[in-house]
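Following: one structure in structure tokens, then a few remarks.
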2 protein chains.
Amino acid sequence: MGREPREFFQIGDASERTGLTQRTLRYYEEKGLLRTPTRMEGGFRLYSEEDLQRLERIKELRELLGFSLADIKEMLDAEEVRLQIKAEWRKDADAADKAQKLRSAREITLQQIQLIDHKMEKMATMRDQLAERIARYDANLQQYAEETAAEHAT
Amino acid sequence: MGREPREFFQIGDASERTGLTQRTLRYYEEKGLLRTPTRMEGGFRLYSEEDLQRLERIKELRELLGFSLADIKEMLDAEEVRLQIKAEWRKDADAADKAQKLRSAREITLQQIQLIDHKMEKMATMRDQLAERIARYDANLQQYAEETAAEHAT
DNA sequence: GCGAATTCTGACGTTCGCGTTAACGTGCGT
DNA sequence: ACGCACGTTAACGCGAACGTCAGAATTCGC
């Protein structure tokens, strides 16, 4: 058998790996951002690699892009659709229904892309403005330097 | 005299123009994000065009980039330094002090740029992932379409 | 100069995203 | 079988960023 890196992580390990607190992990679960992880007999949560990846994803969406947990949930749910359908690709029948779900998931994803594009545009112009500002700072500092040098020269 | 578009806006107008609520305007003022606007005799706030622009700026920094008001205040203050120094460029003396302020403002601005760059990178990779996902949705939908067509053909 | 519309200042309420504490149950090495 | 680290739920707390009255003052149109 291949040495699988490790299949289960208790909440402590999961917390350490993701940089999220245990409270946060439980909170995300409570909010439906994570499927309830499998538990061991006594009720201890066991996180899979997938769970950790999902958590990383959530973390980026929040910390980097500033989405609300509600937004993120919607996004992840849209994503879920694809996986679900993939899983039961062959066993189910109602193709029209699945196609409909797919279309709505696609729609949500598209909106996300557009939102990101919009943000990136704004960020780019803002970045330019900041760069200009730096240039002006430098010009001013340069002046100061010259003046100081002149004083020294007298 | 040139017809100046209009010099004063009461809080209602300002609110409408910026899309921020009156409460929010007062709150931002309270938090030091806006200099206290000039008031009319009775105490009614009068916002200038500049104020509105500043508000737009704040709005973007918050809604689009997800900065906290505290962060934004720091940024705007750094910006203020430049204007202040520009204003009293000739009348003051302590050049070393001004240069120091300039350097720190420059530093803050640089950090902002780096932060934006970092965010943009992440956003770009995320965007790519989403685009891939769209492609997969389309592929699946295509399959459905073909299957449906096949059924019709039978 | 009067009434309606607008604004003012508190002050308390709310939602989000967790932090923190309490009291109690589990897993595991020895 | 015991101790101890680790985990569990439940509940309250908290700072940020406003929302939402209440009650009084101000401005404006007519």
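For the numbers below, each heavy atom of this structure counts, side chains included, while hydrogens, waters and symmetry mates do not. A note on names: the letters A, B, ... follow the listed sequences, proteins ahead of strands, and every chain is numbered from 1.
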Rounded distance in Å - [atom1] ([X]) to [atom2] ([N]):
X	N	atom1	atom2	answer
B:Leu55	D:dC18	CG	P	12 Å
B:Gln22	C:dA5	CD	P	15 Å
B:Phe44	D:dT27	CZ	C1'	6 Å
A:Leu46	C:dT26	CG	C1'	12 Å
B:Gln10	D:dT26	CD	P	14 Å
A:Ile11	C:dG19	CD1	P	12 Å
B:Leu25	C:dT6	CG	P	16 Å
A:Asp13	D:dC6	CG	C1'	10 Å

Given [options], which nucleotide is nearest the side-chain atoms of [X]?
X	options	result
B:Thr21	D:dG19, C:dT7, D:dG7	D:dG19
A:Arg23	C:dT9, D:dA11, D:dC18	D:dA11
B:Arg39	C:dT9, C:dG17, C:dT7	C:dT9
A:Ser68	D:dA17, D:dT8, C:dG17	C:dG17

5' precedence on DNA chain C between A:Tyr27 and B:Arg45 (nearest-nucleotide basis): B:Arg45

Residue whose nearest DNA chain C nucleotide is more 5′ - A:Gly43 or A:Thr24: A:Thr24

Distance in Å, B:Ile72 CD1 paired with B:Tyr28 OH, rounded so as to fall on 0.5 Å steps: 6.5 Å

side-chain N/O B:Tyr28 vs D:dA17 OP1/OP2, d < 4.0 Å: no

Min side-chain heavy-atom separation B:Thr21-B:Tyr27 under 4.5 Å: no

Close side-chain approach of A:Leu34 to A:Leu76, heavy-atom, < 4.5 Å: no

B:Tyr137 six-ring face occupied by A:Lys98 cation (under 6.0 Å, within 45°): no

B:Leu20: which of B:Lys59, B:Glu56, B:Arg62 passes side-chain contact (heavy atoms from CB on, under 4.5 Å): B:Lys59

Touch class at under 4.0 angstrom, heavy-atom based, for B:Arg26 against every strand present: base

Contact nearer the 5' end of DNA chain D, comparing B:Met40 with B:Ala70: B:Ala70

